Structures are given as C-alpha cells and as structure tokens.
Student: 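I'd like to ask you about the structure that follows.
All of these numbers come straight from a predicted model, not from anything done at the bench.
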Amino acid sequence: MGFLSLDVTRTGVVLRAINERGTRILERFNTHDVGMRRALITAQRDLARDASLTEVRASVQEPDLGQRLKDCVRTEASSGSKLEALADSL
C-alpha cells in the first residue's frame, strides 16, 4: 500500500508516490492555479490507475497556498473521489 504526497511551497508543487519501495517524484508543477489544478488532475489520474495508492496527503508551508489548494480540490475532485478527503484535511 502507498499514497501520493503533494508538497506545496512558494516555489512549486511536487507530486510524489510513496510506498514500501520508497519515494518517487512523479511531476513538478508551479503554484499558480493552473499548476495546482494540473497537480490534482494528475494525482486523481494516478489514484485511478494504481490500486495500491490509497490516498493523497498534502504538506503545505503557507496558509494562503493551503486555501488555494483546497479551492482547487473542491473544483477538480469528481464526486466520490479520493481527493475529497484531502480537501477536508486542508
């Protein structure tokens, strides 16, 4: 079992897959709204494709970035998506 990690800093968003074999960087995005939406779309796609990934966790360094990410999650998450839990945790 594993999970996806979104690390959000002022300089960018890094999407990582973390499982028993280690950590793998999947993609990097900018922190503009388009970059955050692309990160979430990619995370949602990877969750659907890989059954061993169970959730998305986020590490956000600044409150305003956390709010922007939360707004993007609410916009991009499809109904019943595993990303809905992420929005609640932000």
Student: How far apart are the closest heavy atoms of R68 and D33, and which atoms are they?
Tutor: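 It is NE-OD1, 3.5 Å.
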Student: What residues form a side chain to side chain donor-acceptor pair (under 3.5 Å) with T54, not counting sequence neighbours?
Tutor: none
Student: Run the side-chain contact (heavy atoms from CB on, under 4.5 Å) test on L15 and V56 for me, step by step, so that the C-alpha distance in whole Å, both residues' side-chain angles and the decisive distance to 0.1 Å come before the verdict.
Tutor: CA-CA 10 Å; L15 178 63; V56 178; 5.6 Å; no
Student: Pairing donors with acceptors under 3.5 angstrom, does anything connect the side chains of S5 and D7?
Tutor: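 Per modelled atom types, S5 and D7 side chains form a pair under 3.5 Å.
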Student: Using every non-hydrogen atom in the two residues, find where V13 and A39 come nearest and quote the distance to one decimal.
Tutor: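 Taking every non-hydrogen atom into account, CG1-CB, 4.0 Å.
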Student: Hey, is the main chain of M1 close enough, under 3.5 Å, to the side chain of E20 for a donor-acceptor pair?
Tutor: yes
Student: Are L53 and F3 grouped together when hydrophobic residues (ILVMFWY) are joined by side-chain heavy atoms under 4.5 angstrom apart?
Tutor: no
Student: Who else is in the cluster with V14 when I, L, V, M, F, W and Y are joined by side-chain contacts under 4.5 Å?
Tutor: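 Its cluster mates, by chain and number, are I25.
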Student: Do you know the tightest heavy-atom contact between A58 and L86?
Tutor: CB-CD1, 3.6 Å
Student: Can you see which heavy atom on L4 is nearest to which on A43, and at what distance?
Tutor: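 So the two residues come closest at CD1-O, 3.5 Å.
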Student: Do you know which two heavy atoms are closest between T42 and E27, and how far apart they sit?
Tutor: CG2-OE1, 3.9 Å
Student: Let me confirm one number: the CE-OG1 distance from M36 to T75, rounded to the nearest 0.5 Å.
Tutor: 12.0 Å
Student: Please say whether more than 12 non-hydrogen atoms of neighbouring residues, nucleotides or ligands are located less than 6.0 Å from CZ in R38.
Tutor: no
Student: For atom CZ of R21, decide whether the heavy atoms of other residues, nucleotides or ligands shown that lie under 6.0 angstrom number more than 12.
Tutor: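 Check fails, neighbour count at 12 or below.
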Student: If you round to the nearest 0.5 Å, how far is CZ of R24 from CD1 of I18?
Tutor: 11.0 Å
Student: Report yes if the side chains of D64 and R10 come closer than 4.5 Å at any heavy-atom pair, otherwise no.
Tutor: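 The answer is yes, as the side chains (C-beta and beyond) meet within the 4.5 Å cut-off.
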Student: Between L65, D71, L69, which is the residue that forms a side chain to side chain contact (heavy atoms under 4.5 Å, CB included) with Q67?
Tutor: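 With Q67 as partner, side chain to side chain contact (heavy atoms under 4.5 Å, CB included) holds for just one option, D71.
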Student: Residues two or more places apart in sequence or in another chain: which of them pass side chain to side chain donor-acceptor pair (under 3.5 Å) with R49?
Tutor: D46
Student: For the atom pair CZ (R45) and CG (L26), what is the distance rounded to the nearest 0.5 Å?
Tutor: 9.0 Å
